[in-house]
Student: 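Pasting in a structure now, in structure tokens, and then I'll have a few things to ask.
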Amino acid sequence: MNKQSMDDSELDAFLGRVMKDDLPPDAKSAMNRRFLRFREGLDRSGQERADQDSSWRSMPLWRQALGAAAAALIIVGFVMQLRGSPTALAHSIGQLKAIAAVSAGLKRATSMECTVRQTDRDGAPTLYRIQWRATSGARIDMESSGGVHTLWVPRKTISAAVVGMIPALDAGMQEPVWRPALEFASPVTLSRQMEIRYGLMQGGRMSAAGEFTIVGREGPQNIEIIVDSQTYLPIVLRKLSRGPNPRALIEARFRWNQPIPAEPVDPTNLENPADPAGR
Amino acid sequence: MSSTNASRRFLLIAARVLLVLIVIMGAVQSGTPANYVDAHGFFFVLIGGAALVMISFPGASIAHAFRHVVAVSGTDAEFHDATRVWEAAGRSFWIAGGLGSVLSIMIGFVGMRTVETAGFSAILPILIRSLLSTFYGGLLAVICFVPCWRLLGVLQGRPPLPVSELKGTRLGWGYGATFGYVLFLSVLIWTIRPLFTISIWPVFRPPLMVVLGGAIVLILFVGQSGARLTRSAAFACMGLVASLMGFIQMLHGMTDPTPRGIGQVAMALAFILLSCSIALMGMALIGAPLEDRAIRMGSDQAPSPFSRVAWYAFPLLSLIFLIIVFNMIIVPLPPSR
């Protein structure tokens, strides 16, 4: 190794001898062309990156218009959903929920007073007054041309009726004259009727008094139930004959969760003679 | 040696047949076999899924795929093509099953308007029929994935093919694709004909606008980036967003115990079901066929991970939403205080 330092002029002369600029002209031009292409490629990729940063502005006009139209579609769809009227599918779902709400309201009831008016083919009316309490059972008073009769339905009987659809546990309850009233002996019994026997799947309507109506069918009869929209408890239930001039075959009017007089509903206390309340 | 291989193959076939018989006996013993039969649902899933495969692949590719199920000889390119066909078939049946479930429950609810003797005992069969469609879709999908996985196992030991050799034989939209679209739309219209008893356009309009508009926006503004949000993923994203919007509207409706609140809840539940169905149809008719075509043209080598998540996860998500919707219908609103 030579430690002697070289000055710039000697270094320049040395480099000039080693790297002579003696390329043939065609090789030199080819190298220049390649160098220029490389630089153009660098410049182009830089321009593309700049274009991607402002991609939506570099989009063709038709794509911008399509994007704006799609955004408008989203907004209009949202507004229509939030402010639109219920469609047929939503109406069907709403009816199912309304019936579920009524059924749940019935199961929460603690007391019930019901007046059932039945009109037979001759037009003779029969009136049933039902008093039910959750802690005891039901008392049914029947007023007809044959006089006034009373039937006691203990809580256990009602529980069995919920399972077996009103089986009569004693001879008195088996008489057909009590059948129209036994259908409304308790809220749970009525709820079971609504769930299983009444075809309550058609549309209802809302009144200005905050009540809505559910309609349905039970065999040859049409059912109409007017429900309080605050409590989801039935106010009136009618069974109507079919035909051009429907008449009410049975009409039941309800009062819910009202205090019933302090005396026991069942003075004979069929369940527990020691417990006046029938618990 | 050859006799040993032949006896081994015979034993394998006998073992598989025995396994299938055990599964069938188990299904029969588990309950009444008729409980698992829904002719309309099975028809929609089977024909609809087959039509979706025809949209994506030409008939020659489908025929070769069937041939490669029974024969292990063939070129690597044919194996790749057959693998794509079988994966597409499994995906198509799975999506058709999810779509059939959502359509079935909507048809069931609309049909309740004219049912005379009904009650909550009549609502449960609606859910059963709906779940059966997903069951059929899953079953057919698994049947199609078996040859797909088998062919993938054959290809695993071989070196990967150059992209140029992975191109399919037919690249254009042939008569098979047109026939597939016509067949699918025919089956779809035949299935949803009970909905024609109501005015169907107002039912579909809001969710169609939201899902379609959102998918277009996503494809335009995100699809060009390196993330490659595919069309299928865009439809799945918008289906999810629209469903979540429906759930939020439902919860708001539940705060109002009056019939107006019930109406809000019902509209929200209907919106959720329709959004899921529109998103599934978008994936099946637009997203998946375009991606399959891009693969056959050589633009892509395989389906995007976003697409695969959309194809396989969104029908399952739709099923979960469907069960939640059903539960929200039969559960009453909290009472007013």
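In what follows, every chain begins at residue 1, and chains take the letters A, B, ... in the order their sequences are listed.
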Student: Measuring from atom CD1 of B:Ile329 to atom CD1 of A:Ile93, what distance do you get when rounded to the nearest 0.5 angstrom?
Tutor: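 The distance works out to 4.5 Å.
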Student: Rounded to the nearest 0.5 Å, how far does CZ of A:Phe212 lie from CD1 of B:Ile262?
Tutor: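 Reported value, rounded in 0.5 Å steps: 6.0 Å.
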Student: Could you grab the distance from atom CZ of A:Arg63 to atom CZ of B:Phe221, nearest 0.5 Å is fine?
Tutor: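 Atom-to-atom, A:Arg63:CZ and B:Phe221:CZ are 9.0 Å apart.
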Student: Please evaluate residues B:Ile216 and A:Leu66 with respect to the criterion side-chain contact (heavy atoms from CB on, under 4.5 Å), reporting the C-alpha separation (whole Å), side-chain torsions for both, the decisive distance (0.1 Å), and the verdict.
Tutor: CA-CA 8 Å; B:Ile216 291 173; A:Leu66 183 61; 4.0 Å; yes
Student: Would you indicate whether A:Phe38, at its atom CZ, is surrounded by more than 12 heavy atoms from other residues, nucleotides or ligands within a distance under 6.0 Å?
Tutor: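 Atom CZ in A:Phe38 is not packed in, count stays at 12 or less.
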Student: Of all the heavy-atom pairs spanning B:Ala266 and A:Gly94, show the shortest one and how long it is.
Tutor: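 Nearest heavy atoms, B:Ala266 then A:Gly94: CB-N, 3.5 Å.
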Student: Has the side chain of A:Lys97 got a donor or acceptor atom that lies under 3.5 Å from a matching backbone atom of B:Met328?
Tutor: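 Pair found, side chain donor or acceptor close to backbone of B:Met328.
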Student: Between A:Gly67, A:Ala90, A:Ala71, which has the largest tally of heavy atom pairs under 4.5 Å with chain B?
Tutor: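 Option with the top pair count is A:Ala90.
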Student: Distance from B:Leu273 atom CG to A:Leu89 atom CG, nearest 0.5 Å?
Tutor: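 CG of A:Leu89 is found 6.5 Å from CG of B:Leu273.
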Student: If you count every heavy atom of other residues, nucleotides or ligands that lies below 6.0 Å from A:Arg117 atom CZ, does the total exceed 12?
Tutor: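 Atom CZ in A:Arg117 is not packed in, count stays at 12 or less.
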Student: Is it true that a side-chain atom of A:Gln81 and a backbone atom of B:Met267 form a donor plus acceptor pair closer than 3.5 Å?
Tutor: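 Checked: pair present.
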Student: Taking side chain as everything from C-beta outward and backbone as N, CA, C, O, which of these in B:Leu212 sits under 4.5 Å from a heavy atom of chain A? Side chain, backbone, both or neither.
Tutor: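 When you check distances to chain A, no heavy atom of B:Leu212 falls under 4.5 Å.
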Student: Report, as yes or no, whether the 6.0 Å neighbourhood of atom CZ on A:Arg83 holds more than 12 heavy atoms from other residues, nucleotides or ligands.
Tutor: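 Atom CZ in A:Arg83 is not crowded, with 12 or fewer foreign heavy atoms closer than 6.0 Å.
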Student: Relative to chain A, which segment of B:Met245 carries a heavy atom at a distance below 4.5 Å: side chain, backbone, both, or neither?
Tutor: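 Contact with chain A involves the side chain of B:Met245 alone.
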Student: About how many Å separate CG of A:Leu96 and CZ of B:Phe326, when rounded to the nearest 0.5 Å?
Tutor: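 The CZ atom of B:Phe326 sits 9.0 Å away from the CG atom of A:Leu96.
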Student: Over all heavy atoms of both residues, which pair between A:Phe78 and B:Val210 is shortest? Give the atoms and the distance, please.
Tutor: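 In terms of heavy atoms, the two residues are closest at N-CG2, 3.8 Å.
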Student: What's the spacing between A:Leu82 CG and B:Gln249 CD if we round to 0.5 Å?
Tutor: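 Separation between the atoms: 5.5 Å.
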Student: Of all heavy-atom pairs between A:Met80 and B:Pro206, which one has the smallest distance, and what is that distance?
Tutor: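 Closest heavy-atom pair between A:Met80 and B:Pro206: CB-CG, 4.2 Å.
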